[in-house]
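Working notes, structure below.
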Amino acid sequence: MTRAQIFEFYRRLAEADPAPETELAWTNPYTLLVAVALSAQATDAGVNKATRALFERVDSPAAMLALGEEGLKAHIKTIGLFNTKAKNVIAAARILVEQHGGVVPRDRAALEALPGVGRKTANVVLNIAFGEETIAVDTHIFRVANRTGLAPGKDVRAVEDRLVRVTPAPFRAHAHHWLILHGRYVCKARRPECWRCPVADLCRFKPKTPAPPAAG
DNA sequence: ATCCCGAGGG
DNA sequence: CCCTCTGGAT
């Protein structure tokens, strides 16, 4: 591909909706925040299924308070950690109504002060809902960055900063999505499949069982 | 049977 | 640092 074609390729990817069923979550800062906060230890399909009906009725902190904790639990029973998540989402809705006029604040400290919202969720909301130049370092990115030596260290802030510095614009977001997928499907937490890793020769991580299974 | 995963608490 | 929460994946 020519350079112009590569730009066009990524431009189209950026404009495409990767998950039509979560359209509301992507365009509404509040439902986006809730969807991301619910996503830990749950499959994407599970969160999509559980939140589709929820977000048809509940698309604001005030509506979430009206639904109530038991009502919310009924929607998210099928995803992991629903008890803790329901409690946190209701408590966060109360703070949003009482302290932020019922809207999601464009402010890192205010976001991270919400129950159930940590650095990763705050970074996703700041980037997707508000266009801030943040990246969300999830466990996949963190693991790949550490194993390879691309961005070693246990300090998430330092890993974020280094990844931003070593990844060239304008495809920074694409590169980080690639890290997530690579960590999920190749550089896995359990049984990493180094034999089919495209950057194994550049990587310092040498697990004890780097060979493929005997039969497929 | 054990690990995953993000946030929070001890 | 350690641990807990949970359904799903392995």
inquiry  = Strictly under 4.0 angstrom, non-hydrogen atoms only: write out the protein contact profile of nucleotides 1-10 of chain C, one letter per nucleotide from the 5' end, B, S or -.
reply    = S---BBBS-S
request  = Go through the structure and list residues passing side chain to side chain donor-acceptor pair (under 3.5 Å) with A:Arg108, not counting sequence neighbours.
outcome  = A:Glu112, A:Asn123
Distance, rounded to the nearest Å, where A:Arg143 contributes CZ and B:dC4 contributes C1' =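 To the nearest whole Å, that distance equals 9 Å.
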message = Rounded to whole Å, how long is the line connecting atom CZ of A:Phe142 with atom P of B:dC4?
response = 14 Å
ask   = Please walk me through it: do A:Met64 and A:Leu72 pass side-chain contact (heavy atoms from CB on, under 4.5 Å)?
value = CA-CA 8 Å; A:Met64 187 65 79; A:Leu72 175 57; 4.0 Å; yes
Backbone N/O of [Y] and side chain of [X]: donor-acceptor pair under 3.5 Å:
{"X": "A:Thr51", "Y": "A:Leu54", "result": "no"}
{"X": "A:Arg184", "Y": "A:His140", "result": "no"}
{"X": "A:Thr31", "Y": "A:Asn28", "result": "yes"}

Base, sugar-phosphate, or nothing for [X], non-hydrogen atoms under 4.0 angstrom?
{"X": "A:Asn88", "value": "nothing"}
{"X": "A:Ile76", "value": "nothing"}
{"X": "A:Thr121", "value": "sugar-phosphate"}

query = So, A:Glu193 and A:Lys188, do they make that salt bridge, N to O below 4.0 Å?
reply = yes
